[in-house]
Amino acid sequence: MKKEPLSNAEKQKRYRERQKERGKQEIRGYMTQEAKECYQLITEQTGWNDSIIMSNAIRLTYAAYKNGQIALLNSWLKKNNL
């Protein structure tokens, strides 16, 4: 007896469950035009995928926070229209 193939929704659900089992969490959001341009540059220069970019962005933001550099980071972003 042949198994019924899984639908795309079922495949996606199984994939998300496996990722959760590995301790990963999905984060969703909408990007500004400026952020999309930065994203394009990062992917072109590093070859990173969405997951790596998001993980590194959060880790870098946290590092700036822990080192008291959030104000400096925000002022740089504003000054450079990003």
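The side-chain hydrogen bond (donor to acceptor under 3.5 Å, both in side chains) check on E10 picks up S7, with sequence neighbours excluded. Applying the salt bridge (charged side-chain N to carboxylate O under 4.0 Å, His left out) criterion to E17, with sequence neighbours excluded, gives no partner residue.
When the shell of 6.0 Å around CZ of R59 is examined, it contains 12 or fewer heavy atoms from other residues, nucleotides or ligands.
Among all heavy-atom pairs drawn from L72 and S75, the shortest one is O-OG, 2.9 Å. Here the shortest heavy-atom pairing between Y65 and I70 reads CA-CG1, 3.3 Å.
When atom types are taken as modelled, the side chain of N67 and the backbone of Q69 share no donor-acceptor pair closer than 3.5 angstrom. For T43 (side chain) and Q40 (main-chain N/O), a donor-acceptor pair under 3.5 Å exists by modelled atom type.
When only modelled atom types and interatomic distance are considered, Q19 and R16 share no side-chain donor-acceptor pair under 3.5 Å.
Linking ILVMFWY residues whenever their side-chain heavy atoms come closer than 4.5 Å, directly or via other members, places I42 and M31 in the same cluster.
A salt bridge between E26 and R28 is present, with a side-chain N of the basic residue lying under 4.0 Å from a carboxylate O of the acidic one.
Side-chain contact between N81 and E34 is absent, with no heavy-atom pair separated by less than 4.5 Å.
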Check step by step if side-chain contact (heavy atoms from CB on, under 4.5 Å) holds for I58 and I27.
CA-CA 11 Å; I58 290 168; I27 298 174; 3.5 Å; yes

